[in-house]
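This report concerns only the one structure given below.
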Amino acid sequence: MSDTPLLLHSLREFSSLIFPSLEAAGARRILEIGSEAGTFTRELCAWAAERGGSVTAIEPLPCEEHRLLQRDLGLELIEGKSPHALEGLAPFDAYFIDGDHNHWCVSAELRHAFAGDDAPLVFLHDVAWPWARRDLYYEPNDIPATHRQPFSYDGGVEPGNPGLVRGGGFRGENAFAYAKHEGGAENGVLTAVEDLLAERDGLAFLRVPAIFGLGLLFRADAPWASDVRSIVGPLHENELLESMERNRIELFLRAIDPHRFHAGQDRAGTALVVAQQREIEQLEGELAQLRLEQVGPGHLRGAAPAT
């Protein structure tokens, strides 16, 4: 069995796009919001160290890997939660937004990144299903009630279902909560991006619809904008990637929810039987028509003889 990690949910899977884009933008001061286990953070720190740059990570629950990165690669660690942890920080050249996947948090982070005349390169994860149009809350009480969707810790999410699935789909297992409904105002990461684009002129957005979606947001008139477009543009809203992502998610769901696989087989089997029955009926009709044409109307039972 191969030891190659599965393409599940890490930003590191986009490294072939991220690091050339950082290089094109001349980024040296980098902020990562949401470092989790520090796997991608290590790659960022190594890249920045080779160029005399620095990486700051905002992470409420740092692990041993973060301590090692502080010691070995100069990671600047902020133990706290965004967006409050952003207060007082000087502007960065590049931001990675991959923390709390909900409209309120992402909106606040984007406004901080593009405050004043700042022109950073911003990377966002989860701009595709499932959190593009549905909020996720690690701590619902961190979100102001007026900006929080009705939520639940019960049930999971699955493509094509705007509600929640009890006992199926992607589930938080009480570790985090999901908005009860998908879509609508102030709901989801991609919605937060689109709201900012509607508020601010002159911003450009690219979206790679794979591995839960990678987004790049930047000033369209940045001197390096065309270089970033040349790197990421060919994959922007790519239909093949989007189709492959739908398939990947379905396989992912089957792996974590075997019942879904068997139910899918039952539905597929029923559909196949119905389709075959319709085909048989169509062929029988065509056969009857051929017989009629060969025999001729004068030879039909009960037809009057020709005179």
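In this text the structure is predicted, and so the values were computed from the model without any measurement.
By the 6.0 Å contact criterion, NE2 on His181 is open, its count of non-hydrogen atoms from other residues, nucleotides or ligands being 12 or less.
Between Phe40 and Phe96, the ring center distance clears the sub-6.0 Å criterion. Ring pair Phe170/Tyr178: centre-to-centre distance not below 6.0 Å.
Within the 3.5 Å criterion, the main-chain N or O of Trp104 finds no donor-acceptor partner in the side chain of Ser107. For His101 (side chain) and Gly99 (main-chain N/O), a donor-acceptor pair under 3.5 Å exists by modelled atom type. The backbone N or O of Ile211 sits less than 3.5 Å from a side-chain atom of His125, completing a donor-acceptor pair. At least one donor-acceptor pair under 3.5 Å links the side chain of Gln149 to the backbone N or O of Glu186.
Within the 4.5 Å cutoff, the side chain of Lys180 has heavy atoms near those of the Pro150 side chain. Looking at heavy atoms from C-beta onward, Leu164 lies in side-chain contact with Val157 at the 4.5 angstrom threshold. No side-chain heavy atom of Phe205 sits less than 4.5 Å from a side-chain heavy atom of Leu196. Residues Phe212 and Arg248 have side chains in contact (heavy-atom distance under 4.5 Å, counting atoms from C-beta outward). Leu44 has its side chain within reach of Leu22: a pair of non-hydrogen atoms, C-beta onward, lies under 4.5 Å apart.
Annotation: side-chain hydrogen bond (donor to acceptor under 3.5 Å, both in side chains) contacts of Glu36 (sequence neighbours excluded): none. Scanning for salt bridge (charged side-chain N to carboxylate O under 4.0 Å, His left out) contacts around Arg42 gives Glu65, with sequence neighbours left out. Applying the salt bridge (charged side-chain N to carboxylate O under 4.0 Å, His left out) test to Arg229 and every residue at least two apart in sequence or in another chain returns nothing. With sequence neighbours left out, Tyr137 forms a side-chain hydrogen bond (donor to acceptor under 3.5 Å, both in side chains) with Asp135. In this structure Arg28 satisfies the salt bridge (charged side-chain N to carboxylate O under 4.0 Å, His left out) test together with Glu23, sequence neighbours excluded. Applying the side-chain hydrogen bond (donor to acceptor under 3.5 Å, both in side chains) criterion to His112, with sequence neighbours excluded, gives no partner residue. In this view, Ala85 and Ile58, Ile78 satisfy the side-chain contact (heavy atoms from CB on, under 4.5 Å) rule, not counting sequence neighbours.
In this structure, CG on Asp126 lies 8.5 Å from CG on Leu136, to the nearest 0.5 angstrom. Taking CG of Leu11 as the reference point, atom CD of Glu32 lies at 7.5 Å (rounded to 0.5 Å). To the nearest 0.5 angstrom, Trp47 atom CH2 is 12.0 Å from Ser15 atom OG. Distance check: Arg134 CZ to Phe151 CZ gives 14.5 Å after rounding to the nearest 0.5 Å.
Taking a 4.5 Å side-chain heavy-atom cut-off between Ile, Leu, Val, Met, Phe, Trp and Tyr, the cluster of Met244 extends to Leu240.
Annotation: salt bridge (charged side-chain N to carboxylate O under 4.0 Å, His left out) contacts involving residues 160-169, sequence neighbours excluded, are absent. Residue pairs satisfying the side chain to side chain donor-acceptor pair (under 3.5 Å) criterion with at least one member in residues 197-211, sequence neighbours excluded, are listed as follows: Arg111-Glu199, Arg207-Glu237. For residues 75-96, the pairs satisfying side chain to side chain donor-acceptor pair (under 3.5 Å) are Thr56-Glu76, Arg67-Glu79, Lys81-Asp142, Ser82-Glu109, with sequence neighbours left out.
Checked for salt-bridge contact, Glu250 and Arg246 miss the test: no charged N lies under 4.0 Å from a carboxylate O.
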Please output the side-chain donor-acceptor pairs of residues 216-224 that fall under 3.5 Å, not counting sequence neighbours, one pair per line with the distance.
from: Arg219; atom 1: NE; to: Asp221; atom 2: OD1; distance (Å): 3.2
from: Arg219; atom 1: NH1; to: Asp117; atom 2: O; distance (Å): 3.4

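Both Leu124 and Leu86 are part of a single hydrophobic cluster, where members link through side-chain heavy atoms under 4.5 Å apart. Under the 4.5 Å side-chain heavy-atom criterion for ILVMFWY residues, no single connected hydrophobic cluster contains both Val165 and Trp131.
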